[in-house]
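Not measured: the values here are computed from a predicted model. We name chains A, B, ... by the order of the sequence lines, and we start the count at 1 in each one.
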There are 2 protein chains.
Amino acid sequence: MERRRKVPNPLALAVLAWLLWEPMHPYELGRRLKQSGQDRQIRYTRSSLYMVIEQLTRAGFVAPQETVRDSARPERTVYAITDDGRHEVHDWLRTLLAQPRQEYPHFAVALSLLSLLPPDEAVEVLRRRSAALAGRIEETRTTVAEARADGVAWIFLVEEEYSLALLEAERRFVTDLVESLKQPDYAKSWQETMGDRT
Amino acid sequence: MERRRKVPNPLALAVLAWLLWEPMHPYELGRRLKQSGQDRQIRYTRSSLYMVIEQLTRAGFVAPQETVRDSARPERTVYAITDDGRHEVHDWLRTLLAQPRQEYPHFAVALSLLSLLPPDEAVEVLRRRSAALAGRIEETRTTVAEARADGVAWIFLVEEEYSLALLEAERRFVTDLVESLKQPDYAKSWQETMGDRT
DNA sequence: CCTCCTTTAGTCAGTCCTGACTATCCAGGA
DNA sequence: TCCTGGATAGTCAGGACTGACTAAAGGAGG
């Protein structure tokens with residue numbers, strides 16, 4: 001049904017998108033990713049960047065254009081996007097937007113094991129999370145406000161607004177959860193079922 | 001500051017948690033993970049399950065207990081958790097709950113490239129997402145309702161409630177986004193800035 | 001009784017990815 | 001003048017992960 005991507009790493013999508021603009025060498029791509037703030041949406045290291053470009057080359061989505069060496073610097077290979085690459089960006093982008101993917105946040109795993117902790121301990125750690133979330137929300141709001149003040153159009157900030165929406169939803173969820181855990185019924189039933197442990 | 005886990009894969013946490021209960025062989029662990037619905041929070045394959053158990057053994061968090069072979073079946077190695085393992089579960093769980101981790105949803109990457117699509121195309125694909133999200137929400141609600149009807153306590157359904165909260169937040173976000181993209185101002189400014197492309 | 005499908009149980013080749021490393025240039029302080 | 005730190009640019013060993021494979025037993029259907 002759903003054909004597997006030749007280079008499934010989302011970093012590859014960002015790379016292709018930048019190469020749509022103009023040919024570049026890997027290090028320059030890294031700089032753009034960082035300056036545009038896309039490193040907040042994509043987990044990568046410099047090595048994985050080189051790896052992904054190699055994979056994209058094998059897949060035929062990009063092609064090395066030239067190897068320049070100016071002023072005794074290490075030589076840099078400039079890559080350009082191919083027609084297949086252009087097609088891949090468009091197709092991949094449509095798919096990512098249209099089809100929600102099952103995501104696997106670490107927090108969900110931890111929640112599924114919440115019953116292992118004594119109620120008061122659970123309340124304590126979740127309160128710490130709530131405070132940390134509040135901090136993240138504040139940071140993101142500041143980032144967005146500053147960018148807006150610099151004249152950045154809203155369409156280039158949607159991803160931050162999305163993060164914000166998720167953070168706020170999580171914070172509401174955690175707050176409610178703490179309230180539920182504080183109910184004396186919970187402490188009682190936890191004692192009854194989990195009393196026998198180390 | 002934050003010490004790296006010896007076995008960072010979240011599957012390892014779930015494995016340790018099950019072994020807290022009683023010693024088991026890998027295949028049995030796989031069955032429990034599936035039956036308890038934890039396969040909805042953790043991405044894994046059977047091979048990664050064996051890999052992770054091997055890593056846990058090397059890390060000293062679990063230890064092979066015995067190799068049984070009943071009725072000519074392939075032999076199964078039963079693993080038990082160690083004291084280090086017990087400590088690791090507790091410590092890891094607390095950390096995961098208390099500290100929000102930067103997550104990297106694919107959708108956020110796609111959103112950061114939304115401006116590449118013509119406005120009407122963007123609206124079209126996001127509407128499809130919205131419909132798909134509605135389906136997911138419905139499914140999750142059903143799962144929760146059925147479990148509750150079977151007498152499952154709410155604490156064992158928190159992870160589903162969390163998924164639900166995120167799905168609903170995302171749906172609200174997408175709905176609002178579609179409205180913004182439909183504004184004629186957007187179509188106009190997109191034409192102006194992106195008119196020059198293939 | 002034969003065949004085919006499903007379940008049980010695990011292995012393995014090859015790719016992917018990360019962390020650590022190499023090496024050069026330039027600016028600024030001591 | 002020398003030393004240090006940071007930016008530039010990239011490589012590489014080794015471990016982690018996936019998809020495809022092996023293999024035996026049980027049950028259903030003809």
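In this structure, NZ of A/Lys6 is placed 16 Å from C1' of C/dT15, rounded to the nearest angstrom. Across the protein-nucleic acid pair, B/Leu49 atom CG and D/dT18 atom C1' stand 14 Å apart, rounded to whole Å. For the pair B/Arg76 CZ and D/dA24 P, the computed distance is 17 Å after rounding to whole Å. For B/Glu28 and C/dT8, the CD to P distance is 10 Å, given to the nearest whole Å. Protein atom CD1 of A/Ile42 is 13 Å distant from nucleotide atom P of C/dT18, rounded to whole Å. The CD-P distance, from B/Glu54 to D/dC17, rounds to 11 Å in whole Å. Between B/Leu29 atom CG and C/dA9 atom P the separation is 12 Å, expressed in whole Å. Put simply, CZ on A/Arg4 is 8 Å from P on D/dA20, counting in whole angstrom units.
Between A/Arg31 and D/dA9 there is a side-chain N or O to OP1 or OP2 distance below 4.0 Å.
Comparing atom distances between the A/Gln55 side chain and each of C/dC12, C/dC17, C/dA9 picks out C/dC17 as nearest. Nearest nucleotide to the B/His25 side chain, out of C/dC16, D/dA9, C/dA9: C/dA9. Nearest to the side-chain atoms of B/Ser48 among the listed nucleotides C/dG10, C/dT18, D/dT18 stands D/dT18. Each of D/dT18, C/dT8, D/dA16 was ranked by its minimum atom distance to the side chain of B/Arg58; first place goes to D/dA16. With D/dC12, D/dG10, D/dT18 as the choices, the nucleotide that has an atom nearest any side-chain atom of A/Arg46 turns out to be D/dG10.
At distances below 3.5 Å, not a single donor-acceptor pair connects side-chain atoms of A/Arg43 with backbone N or O atoms of B/Glu103. Here the side chain of A/Trp190 pairs a donor or acceptor atom with the backbone of A/Ser115 at under 3.5 angstrom.
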Next item on the list: Could you give me the CA-CA distance, side-chain angles and deciding distance for A/Gln41 and B/Ser112, then say whether side-chain hydrogen bond (donor to acceptor under 3.5 Å, both in side chains) is met?
Entry: CA-CA 8 Å; A/Gln41 336 295 337; B/Ser112 77; over 6 Å; no

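Salt bridge B/Arg32/B/Glu22: present, at least one basic N to carboxylate O contact under 4.0 Å.
Each of A/Asn9 and B/Tyr27 lies near DNA chain C, and the nucleotide nearest B/Tyr27 is the one positioned closer to the 5' end.
Between the side chain of B/Ser47 and the base of C/dG10, no donor-acceptor pair under 3.5 Å is found.
Taking the six-membered ring where tryptophan is involved, the planes of A/Trp154 and B/Tyr186 are tilted, since the angle between them lies from 30° to 60°.
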